[in-house]
Q: 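Before we start, here is the structure in question, set down as structure tokens.
Ligands are counted one by one from 1 in listed order, and the atoms in each one are counted from 1 as well. Sequence positions, counted from 1, serve as the residue numbers for this chain.
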Amino acid sequence: PKAEANGTAKPEEEGEKQDEEDKEDKAAQSLLNKLIRSNLVNTTNQVEVLQRDPNSPLYSVKSFEELRLKPQLLQGVYAMGFNRPSKIQENALPMMLAEPVCVPSGSSPQNLIAQSQSGTGKTAAFVLAMLSHVDASRKWPQCLCVSPTYELALQTGKVIEQMGTFYPEVKLAYAIRGNKLDRGMKIQEQIVIGTPGTVLDWCAKLRFIDPKKIMVFVLDEADVMIATQGHQDQSIRIQRLLPQNCQMLLFSATFEDSVWRFAQRIVPDPNIIKLKREEETLDTIKQYYVLCNCKEEKFTALCNIYGAITIAQAMIFCHTRKTAGWLAGELSREGHQVALLSGEMMVEQRAAVIDRFRDGKEKVLVTTNVCARGIDVEQVSVVINFDLPVDRDGNPDNETYLHRIGRTGRFGKRGLAVNMVDSKHSMNILNRIQDHFNKKIEKLNTDDLDEIE
Ligand code: ADP
């Protein structure tokens with residue numbers, strides 16, 4: 001047997017690893033979400049709309065026909081399998097498509113700041129807006145979209161190409177690293193998508209793009225954007241090059257203060273659309289804890305639980321990559337089919353692991369929290385906290401706890417959560433979590449598991 005995981009590592013090493021994992025890019029998470037998502041997230045929550053001019057009528061549409069799209073675009077939308085606008089699209093599309101886009105200089109067009117969780121149709125919405133506003137007969141960039149990373153830009157580019165399938169006169173250029181053009185060249189494509197640094201170079205230094213001719217500016221994934229030093233400044237510098245009557249659109253999955261402050265610098269006079277995240281609840285979850293003395297005992301307890309109940313699929317959360325790797329190894333030695341999601345894997349590999357797990361090819365998914373953040377696997381009925389979620393300071397991370405085991409109205413099925421406790425310290429964490437949610441976490445005796453089912 002290999003050198004046992006924890007025994008050799010100094011606590012500070014573990015801490016550093018954790019930090020590293022924590023820092024793991026928001027961009028990677030966002031890309032992962034896109035790779036594994038093939039459908040709209042349905043939310044039952046209402047959209048909140050704040051109009052720039054509260055007196056103007058509020059339009060929302062229930063069908064794509066009502067938008068009077070170009071026939072080529074309507075065809076593209078239907079070919080993608082969209083039947084009707086998503087919640088956020090119902091309000092955002094009429095606002096973004098409101099004519100005229102090019103308003104007289106001095107006044108600003110319908111600018112928009114929109115926030116909703118990933119998978120609710122934001123990308124499709126602004127892609128449709130860009131394609132609608134383009135004049136295909138003019139051979140210069142008219143719509144500019146910036147994304148936080150190369151990979152995310154490519155992903156959005158794919159959506160533009162797909163939605164524009166029946167509108168081949170409209171062309172797309174990628175302003176991303178590695179895409180070298182000859183000096184003095186002028187870009188003829190009507191839509192340009194890229195990362196902030198390259199876009200800024202193309203507009204200012206290299207002048208491949210005349211920013212004064214841009215009519216629609218999209219800033220996607222604002223929350224990811226501001227997480228990277230420099231992107232924020234570059235975005236603002238790009239925005240300053242654009243004409244005043246250019247339509248500014250900004251999208252974000254979350255909306256903390258820092259995002260909001262940034263959004264207001266980018267988008268003057270905005271309309272605001274927000275779609276709240278669906279609340280998660282512990283109401284339909286049976287919560288237990290198991291007392292152990294060490295990691296090995298936790299493992300034994302886990303095997304007992306596994307043997308005692310019929311588990312469709314389970315997710316097991318560990319604090320570090322190291323523990324996750326160790327546990328996955330032990331479980332597969334016991335003959336379980338285990339999938340491991342770990343921080344050192346490429347995003348594409350992670351997406352493949354999640355896809356396999358969703359398809360039921362493995363019954364157990366072992367993961368660290370960072371890797372699994374924001375991933376819904378609907379059929380999972382058992383969640384095991386091999387380590388309790390704590391934040392950097394070692395305090396209970398209630399939000400992560402709720403997100404790991406909580407359910408939204410949609411997946412209202414009953415679930416089971418088991419927490420492994422292996423020290424006074426972790427017992428204290430558990431008690432604090434219990435107090436926070438004011439819901440009893442019952443003790444489970446793993447030698448007698450009759451009560452659990
Ligand atoms: P977001 O940008 O908010 O993450 P996307 O625009 O990428 O969301 O949409 C998420 C998924 O839903 C994508 O697979 C997309 O093709 C699909 N989708 C978007 N709008 C619709 C719609 N109106 N009807 C059906 N599917 C849609």
Q: Among all protein heavy atoms, pick out the one at the shortest distance from atom 11 (C) of ligand 1; state its residue, atom name and that distance to 0.1 Å.
A: Asn39 O, 3.5 Å
Q: Show which atoms of ligand 1 fall inside a sub-4.0 Å distance from at least one heavy-atom site of Ser118.
A: 4 (O)
Q: Looking at atom 6 (O) of ligand 1, what's its closest protein heavy atom, distance included?
A: Ala124 N, 2.9 Å
Q: Just by distance, with hydrogens left out, do Asn271 and Gln110 show a side-chain donor and acceptor under 3.5 Å apart?
A: yes
Q: Who pairs with Asp359 by salt bridge (Lys or Arg N to Asp or Glu O under 4.0 Å), at least two apart in sequence or on another chain?
A: Lys361
Q: Considering non-hydrogen atoms of the protein only, which is the closest contact for atom 8 (O) of ligand 1, and what is the distance?
A: Gly121 N, 3.0 Å
Q: Output yes when the distance from some N or O of ligand 1 to some N or O of Lys34 is under 3.5 Å, and no in every other case.
A: no
Q: What's the shortest distance from atom 20 (N) of ligand 1 to any protein heavy atom, and which residue and atom give it?
A: Gln89 NE2, 3.0 Å
Q: Could you check atom 2 (O) of ligand 1 against the protein and tell me its nearest heavy-atom contact, residue, atom and distance included?
A: Thr123 OG1, 2.5 Å
Q: Could you tell me, atom by atom, which parts of ligand 1 come under 4.0 Å of a heavy atom of Thr120?
A: 1 (P), 3 (O), 8 (O)
Q: Give the numbers and elements of all ligand 1 atoms closer than 4.0 Å to a heavy atom of Arg84.
A: 22 (C), 23 (N), 24 (N)
Q: For atom 19 (C) of ligand 1, which candidate among Phe126, Phe82, Phe64 provides the closest heavy atom?
A: Phe82
Q: Taking 4.0 angstrom as the limit and counting only heavy atoms of Lys122, give me the atoms of ligand 1 inside it, by number and element.
A: 1 (P), 2 (O), 3 (O), 6 (O), 8 (O)
Q: Which ligand 1 atoms are under 4.0 Å away from a heavy-atom of Ser86?
A: 23 (N)
Q: Quick one: look up the protein heavy atom nearest atom 4 (O) of ligand 1 and list residue, atom name and how far away it is.
A: Gly119 N, 2.7 Å
Q: So which of Leu40, Val77, Asp220, Asn33 gets nearest to atom 12 (O) of ligand 1, if we judge by its closest heavy atom?
A: Leu40
Q: With Ser30, which residues qualify under side-chain hydrogen bond (donor to acceptor under 3.5 Å, both in side chains), at least two apart?
A: Glu221
Q: Are Ser63 and Glu66 linked by a side-chain donor-acceptor pair shorter than 3.5 Å?
A: yes
